[in-house]
Visitor: 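Before I ask anything, here is the structure I am working with.
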Amino acid sequence: MPTSTPRAFTLGQALRLGGLASLWFATAALMVRSVLGDPYDPTRTGTAAYGHNHEGALLEGLVWTFTEMVILYAILRPWSYQRSWGRSLAALALLAPWTALSMVLTMHAGGVVVTHFLWLAILTVIVLVLALTSGFAAITARRAG
């Protein structure tokens with residue numbers, strides 16, 4: 001009687017499924033580190049508050065980045081990603097303007113907001129590379145077959 005064995009994950013599958021979550025955990029850790037090193041100080045007002053974390057920055061940063069990660073997982077669907085350049089382009093169409101807005105918001109912002117922008121910039125680059133490599137793979141497969 002044949003027994004079914006669970007299929008082993010390859011490194012590529014593990015990165016595809018868990019890479020974004022791992023990047024989120026690293027980003028969250030950097031945000032926590034920023035708040036611990038520069039906690040909100042209500043005595044800083046006006047220009048003295050420039051470059052420091054605002055009240056509730058950590059919770060906002062964690063919620064925004066987690067929501068962005070969930071949306072990217074929903075768009076990219078890494079568990080079924082096979083030369084899906086269209087999904088990558090859709091994600092890029094959402095990420096690029098959102099990253100540009102985040103870049104503008106980093107002016108005079110604290111470390112959590114800057115970390116959020118860096119998270120978005122890294123995601124934008126990753127999604128751009130995905131779109132390019134998936135598009136190239138789809139073109140190559142079309143020519144071969």
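As a basis for the values below, the full set of heavy atoms in this structure was taken, side chains included, without hydrogen atoms, waters or symmetry mates.
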Visitor: Using modelled atom types only, decide if a donor and an acceptor are shared between the side chain of Asn53 and the backbone of Val112 within a distance under 3.5 Å.
Guide: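 Such a contact is found between Asn53 side chain and Val112 backbone.
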Visitor: Gly18 and Tyr73: which non-hydrogen atoms are nearest, and at how many Å?
Guide: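 Scanning both residues, the minimum pair turns out to be CA-OH, 4.1 Å.
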Visitor: Between Thr133 and Leu130, is there a donor-acceptor pair closer than 3.5 Å when you use the side chain of the first and the backbone of the second?
Guide: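 Yes, because the side chain of Thr133 sits within donor-acceptor range (under 3.5 Å) of the backbone of Leu130.
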Visitor: Work out which heavy atom in Thr65 is nearest to a heavy atom in Met31; give both atom names and the distance.
Guide: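 The answer is CG2-CE, 3.6 Å.
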Visitor: Is there a donor-acceptor pair under 3.5 Å between the side chain of Thr115 and the backbone N or O of Gly111?
Guide: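 Between the backbone of Gly111 and the side chain of Thr115 there is a qualifying donor-acceptor contact (under 3.5 Å).
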Visitor: When hydrophobic residues are tied together by side-chain contacts of less than 4.5 Å, even through go-betweens, does Val114 share a cluster with Leu23?
Guide: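 They do not share one cluster, since no chain of ILVMFWY contacts under 4.5 Å joins Val114 to Leu23.
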Visitor: Could you walk me through whether Leu89 and Val127 pass side chain to side chain contact (heavy atoms under 4.5 Å, CB included), step by step?
Guide: CA-CA 8 Å; Leu89 280 180; Val127 170; over 6 Å; no
Visitor: Output the distance between atom CD (Glu60) and atom CD (Glu55), rounded to the nearest 0.5 Å.
Guide: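 Result: 9.5 Å between the selected atoms.
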Visitor: Between Arg33 and Asp38, is there a salt bridge with N-O shorter than 4.0 Å?
Guide: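 No, this pair does not count.
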Visitor: Taking the side chain from Ser34 and the backbone from Leu30, do they hold a donor-acceptor pair closer than 3.5 Å?
Guide: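 Such a contact is absent between Ser34 side chain and Leu30 backbone.
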Visitor: Atom CH2 of Trp64 and atom NE2 of His116: how far apart are they, to the nearest 0.5 Å?
Guide: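 With rounding to 0.5 Å, CH2 (Trp64) is 7.0 Å from NE2 (His116).
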Visitor: Testing Trp24, Trp119, Phe25 for ring pair (Phe, Tyr, Trp, His ring centres under 6.0 Å) with Phe66, which one passes?
Guide: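 Going through Trp24, Trp119, Phe25 one by one, the ring pair (Phe, Tyr, Trp, His ring centres under 6.0 Å) with Phe66 is satisfied by Trp24 alone.
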Visitor: For the residue pair Met103 and Leu120, establish whether any side-chain heavy-atom pair is separated by less than 4.5 Å.
Guide: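 Result no, sub-4.5 Å side-chain heavy-atom pair not found.
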Visitor: Can you tell me if Arg87 uses its side chain to pair, donor with acceptor, with the backbone of Leu76 under 3.5 Å?
Guide: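 Indeed, once roles are kept as given, a pair shorter than 3.5 Å links the two residues.
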Visitor: Given side chains that start at C-beta, do those of Trp98 and Leu101 come closer than 4.5 Å, heavy atoms only?
Guide: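 Yes, side chains in contact.
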